[in-house]
Amino acid sequence: MTENRVLVVEDDVQQRELVVSILQQEGYQVVSADSVEAAIVQIKQQAFQAILSDWKLGSLSGLELLRYVRRNQPVMGFVMVTAYGTIAHAVQAVQEGADDYLSKPFQRQALLLALQKALNCAKLREQNQSLNQQLANRTALVGMVGDAPCMQNVFERIQRVSDTRATVLISGESGTGKELAARALHQHSSRSHGPFVAVNCGAIPETLAEAELFGAEKGAYTGAEQRRVGKFEAAQGGTLFLDEIAELSPAMQSRLLRVLQENSVVRLGGHSEIPLDVRVIAASHQDLAQAVSDGRFREDLYYRLNVVPLRMPPLRERGEDIPTLIDYFCKLHAKRHGVAMPTLSQAAMRAALDYNWPGNVRELGNKIERFVLLQDDQELISGLQGSSSALPFSLPAQGIDWDALEKHCLAEALARHNNNRTRAAAFLRMSYKTFLYRLEKYQLV
Ligand SMILES: Nc1ncnc2c1ncn2[C@@H]1O[C@H](COP(=O)(O)OP(=O)(O)OP(=O)(O)O)[C@@H](O)[C@H]1O
């Protein structure tokens, strides 16, 4: 906000002039209006940071003006001036979004304080709006949908480390967006103009793995009729994404470790070292730490890769993102296939929220694509009901203390959502009212 322009709305000429002159003496830019209609004309013509309005204004009231402002200019500060003894009006004004109220007659100091409070509130709302905008841009920028706090943490980490050369190890179940995260890391780095090369380590035949990754000179192995450039070299100046890293054989693991340590590569059958300028990102849907404990993955390579760990949360841990993702995929696939955007029935949305999504975002994207093409709600619902009641855990043989479990679930839902009750209630698929009732029952409020 560059300057503080205030609109004073008052139908009593004397009172209006008095307020205008006090505010002008304080350095405010002041415009005045004598009715709700005149005030709305002014608001449409120029920007104000705050409005100071009388309650009683001819045939309309300041409340109507307040409602108009909150609908059309939600950021603007608002002070309601009420007649002496009409506290009910003041209460109603604050309930409907006024930042403060003043009871007539008021002192100069009270007027200035109330106006300052409204201006501060407006400033906070403006900052909030711009932060939300930044957040929305950020989400759009990385091409990943996710409002849940756990996804916001992922975005934050991506932003923080994208422009470094630090190796990132992305973990997460299949379909949680590991490759998308790797692409986001690349896109947000200064290497974005360079190549992004993705290799699925599980899909390369063992015998060809070395040549595929590190390259081979002509005649290095049977069938090598010409020089072959490996994936590391192909990613020069850019990013190499090694997916399913746990699938590499022990021999390949040690070669990879050497390349990473030396930051250079020697082609199979070659002699000269080729210096590398490659950022490496690895991913695995298997628990790599477990693979190390089981002796299937080299510990030193694990630590070399796991400089920055990035965990992609499974979809069932971020149920609040399901409606947004459904909307995103409906739009995406409707556009892609040139068909009308369908709407989900409430029953289908319910089924989607109750479903366990073992295939995560990929499965959701596929199911929604089919829905967009077939536009068959029932088909979608029946595809979601198969495992909808399956819980991600089973009860212990000795039984459970139900109250302790319920209390634990409520507390954990709150903790996971930074004490945001609306999100915690949605996470537990509970109405807000039911959630509050249960919090009170367990004295968690
Ligand atoms: N947060 C998200 N927002 C939008 N689309 C997403 C998101 N996460 C994943 N997707 C989409 O879901 C699909 C699967 O994502 P991706 O291939 O990145 O998952 P993955 O974890 O690498 O899977 P896998 O382990 O099976 O290789 C892709 O089409 C991707 O675009």
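In each ligand, atom 1 is the first atom listed, and ligand 1 is the first ligand listed.
Summary of contacts: the protein heavy atom closest to atom 15 (O) of ligand 1 is G177 CA, 3.7 Å. For atom 11 (C) of ligand 1, the nearest protein heavy atom (residue, atom name, distance) is V361 CG1, 4.0 Å. Looking only at heavy atoms of the protein, atom 26 (O) of ligand 1 is closest to S174 OG, 2.6 Å.
Within 4.0 Å of atom 9 (C) of ligand 1, at least one protein heavy atom is present. Under the 4.0 Å distance rule, the nearest protein heavy atom to atom 29 (O) of ligand 1 falls outside the cut-off.
Heavy atoms of F155 found under 4.0 angstrom from ligand 1: none, in either backbone or side chain. Of all the heavy atoms of M312, none lies under 4.0 Å from any atom of ligand 1, so neither backbone nor side chain is involved. Counting heavy atoms closer than 4.0 Å to ligand 1, residue D243 contributes side-chain atoms (C-beta onward) but none from N, CA, C or O.
Annotation: K178 places an N or O atom under 3.5 Å from an N or O atom of ligand 1; distance criterion only. At least one N/O-N/O distance between V145 and ligand 1 falls below 3.5 Å. By the 3.5 Å distance cut-off applied to N or O atoms, G175 is counted among the residues near ligand 1. At a 3.5 angstrom cut-off on N or O pairs, M144 does not count as close to ligand 1. Residue H285 has no N or O atom closer than 3.5 Å to an N or O atom of ligand 1. Ligand 1 has an N or O atom lying under 3.5 Å from an N or O atom of L180, backbone or side chain.
Relative to atom 24 (P) of ligand 1, the option among R362, E179, E369 with the closest non-hydrogen atom is R362.
For ligand 1, the atoms lying closer than 4.0 Å to a non-hydrogen atom of F329 are 5 (N). For ligand 1, the atoms lying closer than 4.0 Å to a non-hydrogen atom of Y328 are 4 (C). Below 4.0 Å from some heavy atom of E173 lie the following atoms of ligand 1, by number and element: 21 (O).
The environment of H337 atom NE2 is dense: over 12 non-hydrogen atoms of other residues, nucleotides or ligands sit within 6.0 angstrom. By the 6.0 Å contact criterion, NZ on K441 is enclosed, its count of non-hydrogen atoms from other residues, nucleotides or ligands being greater than 12.
D321 places a side-chain N or O within 3.5 Å of a backbone atom of A148 that can act as its donor or acceptor partner. Between the side chain of N306 and the backbone N or O of Y302 there is no donor-acceptor pair closer than 3.5 Å. Side chain of D294 to main chain of R296: no donor-acceptor pair is present (N/O by atom type, distance under 3.5 Å, no hydrogens or angles).
In this structure, F196 and F241 have parallel ring planes: the angle between them is below the 30° cut-off, well short of the 60° mark. Using cut-offs of 30° and 60° for the angle between ring planes, the H417 and F427 rings count as tilted. Using the six-membered ring where Trp is involved, H333 and F329 have ring planes that are parallel, under 30° apart on the 30 and 60° scheme.
In terms of heavy atoms, M76 sits closest to D99 at O-OD2, 4.2 Å.
The cationic group of R255 lies under 6.0 Å from the six-membered ring centre of F214 and within 45° of the ring axis, placing it in a cation-pi geometry.
Salt bridge annotation for D147-R318: absent, with no cationic side-chain nitrogen under 4.0 angstrom from a carboxylate oxygen.
Between V266 and S272, the closest side-chain pair of non-hydrogen atoms is not below 4.5 Å.
At a 4.0 Å cut-off, not a single heavy atom of R183 sits close enough to ligand 1 to count as contact.
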